[in-house]
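Letters go in sequence order (proteins before strands), and every chain restarts at 1.
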Amino acid sequence: MSPLSMANFKNLNPEQARAARHIEGPQLILAGAGSGKTTVITTRIAWLLHRGIAPTAIVAVTFTNKSAREMKQRLSRMLGKKALRGMVVSTFHSLGHRILKQHIETLGYRLPFSILSPEDLHNVMVDIYRELKLDISQIRDDGVLFKISLCKNSALSPHDFASQKMNLESTDLFCAIYERYHQSLKILNAVDFDDLILLPGKIFRQDPEILERYRHRWRFFMIDEYQDTNHSQYDFLNQMVCPRNNLCVVGDDDQSIYTWRGADINIILGFEKDYPNAQVVRLETNYRSTATILKAANQVIAHNSQRMAKTLRSVSGIGDKIKAIAAADEVREAALIAEQIRSLINGRRLEPGDIAILFRTNFQSRVFEQELRNRNIPHHVVGGYRFFDRREVRDMIAYLRVIANPHDELALSRIINRPRRGIGQGSLQKIMDYLLAQESESRPDLFSIMELIVHEPGLIPGLRKESISAIYEFSEFINEYRKRFSRANRLSVVLAQMISDLKFDLEFQRDGDNENTAKARMLNLGELVNMLAYLEDNWEENEPPDLFDFLARLSMQAQDNDEEHPRGRVQLLTLHLSKGLEYPVVFLSGIEEGLFPAPRTLEENGDLALAEERRLFYVGITRAKQLLYLSRAASRRKFGEHQIVEASRFWDELPQDCLEWIADETVEQNNNTRQNVLTDLLAAI
DNA sequence: GTAATAGTAATTTTT
DNA sequence: TTACTATTAC
C-alpha cells in the first residue's frame, strides 16, 4: 500500500475501515448522520484505484451536483487530478443525460434535444387541457404534472399508476393526458427531468448491446444517499450493475426525506434481499455533534416505528444546552435570531459563515433576510429566488434553446416577440391555429412554418405585412446565430455578441425598469456569458462543449453554481437543501403546527407523512455541530393576516432537560389578556 | 399591438 | 402581503 493510503486508513475507525476496504460484490453502508461517510467513500475509491482498478471503470453517483463537486474536489486533493481521469462522479440525472447524448436517437428523438423546465411543462399541459376541454385553472389543483412525474419515478405504467393511486373513473383520463403529454414532448424533441433516468433504462431494455457496452466499461458503482432512490433510478442502476453486482450503496433510512418525489425507503430496506451476500456495515459513531444535540436527535427519531434501529454515539463532550426561542410573531422570531447571531459573532468569535438558519418552506426566508440586512449581517439565501428564475435570463436561455433545437416551440413562442418586434399574441395565435389544423403526425414545427411564411406570404390569411417582414427578420436572426454558434471556437464570445445585438437594454427601458434594475438585468445576462466561458475553460471531455452541453448544464445544475454557497455569510436554506451539510451553529425556525410538520401531506398520508416530517426534523437537528437553536412564533402572518399558531408537536418529543429557554419579553407581556392587541401593534411597527 | 389597471389567488419540500 | 391574470383604454 502506498504511504498515502496507509495514512488514510489510519484515520478510520474499524467499521469505517472495513467498509472502505470492500471491493467486489454488494455492500450496504448504513451511515448515520455525521458518521464520516464521505471519508469512507473517498477512501474506498482510493483503495479501488490502489488495487489496480481503472478510474474509467468506477461510477460514483450522488444526489446533488454540489455533493458530486465536493467529492471530486476531495478525491483530487487526495490523489491528484490525473489519477481520476475518466472516472464518473455525477448525479443520476447527469449520468442519464450522458447516456441519452449517445443513444437517444434510437428512441426516435433527434440531437440536440431540450430539457423542459417546470414552466415549460405547465405550458404543455395548458395546451392539452384546452384540447380536452378541461378547465385550465385546475391544472395546479389536479396536480397532473406532479402525478405524471410520480408515475415515472415509480417506474409504473400510467394505467397501473392511475388504478393504484386514483379512483377508477379518472384512470382513463389520466392515461389519455399522459399519452398526449408524451406526444407533445416528442414533437418538441424534448424530455422532462424524469426522462433523463427513465429513457436510458428504456434504451437498455430495448437494445441489450448498448447495455452490454456500458456494463463492460463501468464495473464498480457507488451510490450516495441511497435512501432517496426511487424505482426508476433503481431500475436504471440495476440494469447496469447486473450481473456482477459490484454495488456499494451508502445511506441512512432515518434521513429519507424525498418520498414525495417517488423515493421509496423500501429500496434501501430491501437491499440485502435484492443483493444476497451483501456486506452490511453500520456507522454509528458520530463525529459531528455534541452529546446534547445527539441525545435530542436520537429521542426525536425514536418516535418513528419503521426503521432500522440504530443509535448515534457521540465522541464529543456534552456541550451547551439547546436554546429554545418562543417569539411573539415571525418578525420577532427573526429579530431575536438575528440578535443572537450578532452576539455570537461578537462574543464567541464565530464567523457568519459558521451559522445557518433552516426553515421548512422557502417563503419563510424573507423575514430573515430583512432582519439580517437591518443589522448588516452578511447572509445568503441558498436556492431562494434563483438566478434562473429571472425573466431576462430565461429569455436568453430560450434563444439558445431555439438555436440548438429548432423544434422547441415553447422556447420559440417565448422569444418570438421579445424584444418586441411586432409579432404579438394575435399573429402568433393565427400561426398556431394553422399549425394545429395540420395532421399531427406530419405537422411542421413553428420555426419551419415561419420560414415558409416568408416565401409564401399568403399561407396564413390575415397576417399583417409588418408581421411577415418581422417574421422574416427574426428567422434570419436565428439562422445567422445558429451558424455563428456552430462555427465559433468561443461560444461565450458569440453569446455576448448576440446579447448586444438583441438590444435588451433598450427593451428593459421600454418595460419601465428604472436605471438600476435595467443595469442589474444586463449584469445577469453578463453572468450567463461568464458561466458559459467558465464551462469552456473547465471542460474535461475530449470534444469541446457545444450549446447543447451548456443548456444541459444549465437545466440540471440550475441550483448550484459556484456562487451558491459563498463563504463568510450566514446561510439561509430549507431543511431539504441542508441535507449533507453541517454548521457549527444551526437555527431551526418556525417549529409550529401548520408549518412543521407541513399540514398538507398529513391530511393525505397520515402517519407515513408525519414520519417523514420527523425525519426532516432529525436531519435539521443533526446539521448542528456545537450549538443548536430551535424557535417558533406565537403568531404568524398568513396571506397578509395574523393568525395565532400553536407549538409544533415535535417540541414534546425533545428531551426537555436539554432545552434552555430564551425569553422574548413581548411574549411575557402577552400573558396578559391583551395578546391580540399587542401582536397587531407589533406587526404595525 | 401595447400599456395600465383592477381583480384574484396563494404557501411544502427539488434533480 | 405579493404576484400573476384578465380586461380595458389607448
Review point. Salt bridge between A/Arg332 and A/Asp329, side-chain N to carboxylate O under 4.0 Å?
Key: no
Review point. Is the closest basic N to carboxylate O distance between A/Lys66 and A/Glu70 below 4.0 Å?
Key: yes
Check your understanding: With sugar-phosphate meaning primed atoms plus P, OP1 and OP2, does A/Phe63 contact a base, only sugar-phosphate, or nothing at under 4.0 Å between heavy atoms?
Key -> sugar-phosphate
Practice item. Describe the nucleic acid contact of A/Tyr258 in one word from base, sugar-phosphate, nothing, applying a heavy-atom distance below 4.0 Å. Key: sugar-phosphate
Practice item. Round to the nearest Å and state the distance from A/Gln233 atom CD to B/dT14 atom P. Key: 16 Å
Review point. Can you check the A/Arg391 CZ to C/dC4 P distance for me, whole Å?
Key: 10 Å
Exercise for review: Kindly determine whether A/Lys101 and A/Glu541 satisfy salt bridge (charged side-chain N to carboxylate O under 4.0 Å, His left out), including the steps that lead there.
Suggested key: CA-CA 13 Å; A/Lys101 208 173 138 184; A/Glu541 312 282 318; 5.7 Å; no
Exercise for review: Please work out whether the ring planes of A/Phe596 and A/Phe617 are parallel, tilted or perpendicular, with thresholds of 30° and 60°.
Suggested key: perpendicular
Practice item. Fit a plane to each ring of A/Tyr234 and A/His231, take the angle between them on a 0 to 90° scale, and name the class: parallel (under 30°), tilted (30 to 60°) or perpendicular (over 60°). Key: perpendicular
Review point. Residues in salt bridge (Lys or Arg N to Asp or Glu O under 4.0 Å) with A/Glu593, at least two apart?
Key: A/Arg649
Review point. Would you say a side-chain N or O of A/Thr64 is under 4.0 Å from OP1 or OP2 of B/dT14?
Key: no
Practice item. Summarise how protein sits on nucleotides 1-7 of chain B as a single string, 5' to 3': B when a protein heavy atom is under 4.0 Å from the base, S for sugar-phosphate-only contact, - for no contact. Key: SSS----
Review point. Mind checking who C/dA6 pairs with, Watson-Crick or G-U wobble, both distances under 3.5 Å?
Key: B/dT5
Check your understanding: Only one of A/Glu641, A/Glu592, A/Gln643 forms a side chain to side chain donor-acceptor pair (under 3.5 Å) with A/Arg636, so which one is it?
Key -> A/Glu592
Using the 3.5 Å cut-off, write out each protein N or O paired with an N or O of nucleotides 8-12 of chain B and the distance between them.
residue : atom : partner  : partner atom : Å
B/dT11  : OP2  : A/Arg140 : NH1          : 3.4
B/dT12  : OP1  : A/Arg600 : NH1          : 2.7
B/dT12  : OP2  : A/Arg600 : NH1          : 3.2
B/dT12  : O2   : A/Arg360 : NH1          : 2.8
B/dT12  : O2   : A/Arg360 : NH2          : 2.3

